There are 2 protein chains.
Amino acid sequence: MGTTDYDLLWGEATRAGRGRPSGLSRERIVAEAVAIADAEGLHKVSMKHLAERLGSGVMSLYRHVPGKDELVVLMYDSLMTGPLPLPEADHWRDVLRHWGFGVRDLFIAHPWALTVATSERSMGPGEAGWVDTMIGRLTAVGLPAELGLIAVLTVDCYALGAVRPEIGGAEGDTDFFQFLADPAARTRFPNLARLAEPGSATKTAMKDHYEFGLERLLDGLERFIESQH
Amino acid sequence: MGTTDYDLLWGEATRAGRGRPSGLSRERIVAEAVAIADAEGLHKVSMKHLAERLGSGVMSLYRHVPGKDELVVLMYDSLMTGPLPLPEADHWRDVLRHWGFGVRDLFIAHPWALTVATSERSMGPGEAGWVDTMIGRLTAVGLPAELGLIAVLTVDCYALGAVRPEIGGAEGDTDFFQFLADPAARTRFPNLARLAEPGSATKTAMKDHYEFGLERLLDGLERFIESQH
DNA sequence: CTAATTAGCGTACCTCATACGCTAAACTGA
DNA sequence: TCAGTTTAGCGTATGAGGTACGCTAATTAG
């Protein structure tokens with residue numbers, strides 16, 4: 001599986017030459033699949049539906065993509081093709097903060113990608129490019145080189161876990177603690193019940209939950225770097 | 001969907017009474033499904049396979065569970081039924097550290113659960129119980145009450161994102177950067193290439209990546225609390 | 001005993017992914 | 001130009017998986 005994904009992501013591009021020319025291409029298929037997933041959800045990406053959108057037969061897709069699972073892997077990495085969409089910054093902390101929010105924006109724009117990101121996978125060329133660029137930027141503004149990768153991945157991991165409640169708008173949090181509407185639940189979970197109190201400090205803090213955690217993480221990295229001289 | 005999950009997770013238990021007594025039960029079905037997922041993976045949990053294991057007809061399961069998707073939601077929350085398996089500690093930092101490692105252990109023991117955790121869902125009674133207990137413990141050892149929930153969830157989010165590479169043993173990291181075996185890739189991604197150098201400091205740091213990030217996050221929380229007096 | 005109630009489950013249907021093999025369109029070399 | 005080669009397009013068939021429907025069976029309430 002790992003090997004398969006590797007060959008898929010890093011393998012040679014299609015070599016031109018003899019034979020019937022292709023109307024379809026891997027890029028076109030992947031792009032259309034991403035469009036479907038963005039608009040209708042990943043579960044609506046079926047080979048049939050995809051073929052209809054592309055105006056081709058279902059089995060034609062298999063000439064360009066080994067199968068459905070592999071298509072999803074390609075879809076994910078395709079999100080990170082192209083240059084890293086991040087502003088320049090003068091301090092590594094700002095670079096990492098932008099990265100953190102950029103990752104959040106990515107998964108808000110493509111909610112289906114979160115499932116892919118947290119599944120077993122290997123790193124593709126798109127993701128590798130972004131991470132490599134990030135490390136370069138960080139070291140350029142003073143972050144010790146040996147910390148670059150681990151800093152990027154740590155923030156990335158946080159972002160991955162913390163972005164879930166951000167997806168789907170602000171009502172996510174409300175739904176998540178829906179059970180607190182029941183008085184019996186508030187008795188059973190007295191500490192969580194604080195959330196249901198009007199004007200609760202915890203509740204307001206939860207509003208900016210994502211940013212709060214990110215800043216704490218950056219604080220922690222800063223303290224670590226200071227402690228290393 | 002949110003509403004459906006809510007009713008499913010928090011709804012009344014089966015009321016006994018008239019009618020044919022049930023040999024199956026929601027608990028038995030969910031427990032068996034978890035056993036299958038642990039041993040063979042989530043994709044092997046099919047209604048057919050599950051029914052065979054339980055010695056029942058496929059459609060009998062639908063008397064106890066609305067459908068496959070709902071079953072998965074129940075499977076996830078069932079992991080957090082029972083008491084929180086965490087040692088006592090005297091400092092909030094130790095409590096949170098244990099939580100962080102506990103979450104990691106949970107997902108290592110039940111890798112399929114990571115997909116569920118990062119999908120759209122509402123909080124079930126099991127998870128609510130654990131979080132509530134955590135907040136109680138944290139406040140008992142001095143963490144300000146209004147920080148309890150956000151601290152638990154922040155660590156939880158980090159754990160969720162960072163646990164992925166930990167699943168499946170140590171070879172995960174190797175595979176993840178497999179492409180660096182190719183010299184062309186090392187040229188294309190010079191900053192990542194550092195990983196491929198023998199004796200690279202980055203590489204050794206990545207070994208304990210999970211713990212590193214967790215400690216940074218705890219450092220950050222500590223600094224925040226200090227700054228609040 | 002009869003009616004009501006609820007569990008078990010066989011059958012049928014629908015959606016999906018995909019293996020197989022044929023056809024079509026190009027290129028290559030004589 | 002034509003025969004051979006190569007590769008794309010795709011129709012058909014298969015098998016797996018989820019589940020709606022409705023019948024049957026077991027048990028309790030009156």
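All values derive from a computational prediction rather than experimental measurement. What you see below is based on every heavy atom in this structure, not just the backbone, and it leaves out hydrogens, waters and symmetry mates. Letters go in sequence order (proteins before strands), and every chain restarts at 1.
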Shortest side-chain distance from B:Met47, nucleotide among C:dT18, D:dT19, D:dC23: D:dT19
Closest listed nucleotide, where the reference is the side chain of B:Lys48 and the choices are D:dG17, D:dG9, C:dA7: D:dG17
A:Arg216 NZ/CZ over A:Phe212 ring centroid, <6.0 Å and within 45° of normal: yes
Derivation of the side chain to side chain contact (heavy atoms under 4.5 Å, CB included) call for A:Leu138 and B:Asn191: CA-CA 11 Å; A:Leu138 286 169; B:Asn191 299 302; over 6 Å; no
Distance-only donor-acceptor test (3.5 Å): side chain B:Arg20, base C:dG8: no
Whole angstrom value for the distance that separates C1' of D:dC10 from CG of A:Leu54: 14 Å
Any donor-acceptor pair under 3.5 Å from A:Ser22 side chain to A:Ser25 backbone: no
Separation of atom CG in B:Leu61 from atom P in C:dC9, rounded to whole Å: 9 Å
Side-chain N,O (B:His43) to OP1/OP2 (D:dG17) below 4.0 Å: no
Parallel, tilted or perpendicular: rings of A:His110 and A:Trp112 (30°, 60°): perpendicular
Per B:Ser56 side chain, nearest of listed nucleotides C:dC9, C:dT18, D:dA8: C:dC9
Between C:dA26 (P) and A:Arg63 (CZ): distance, integer Å: 16 Å
Of the listed nucleotides C:dA17, D:dA29, D:dC21, the one nearest the side chain of B:Arg18: D:dA29
A:Leu24 CG to C:dA25 P, straight-line distance once rounded to whole Å: 15 Å
Selected nucleotide, minimal atom distance to A:Met59 side chain, candidates D:dT12, C:dG8, D:dG17: D:dT12
d(OH, B:Tyr62; P, C:dG10) in whole Å: 14 Å
Length of the line joining B:His49:NE2 and D:dA16:P, which is rounded to integer Å: 13 Å
Euclidean distance, atom CD of residue B:Glu40 to atom C1' of D:dA16 [Å, nearest integer]: 16 Å
First of B:Pro21 and B:Ser46 reached from the 5' end of DNA chain D, by closest nucleotide: B:Ser46
Validation row, ring centre A:Tyr210 to ring centre A:Tyr158 under 6.0 Å: yes
Sugar-phosphate only, base, or nothing, as touched by B:Gly19 at under 4.0 Å among non-hydrogen atoms: base
Listed nucleotide nearest any side-chain atom of B:Lys68, set C:dT18, C:dA17, D:dT19: D:dT19
Distance test, side-chain N/O of B:Ser60 to OP1/OP2 of C:dC9, below 4.0 Å: yes
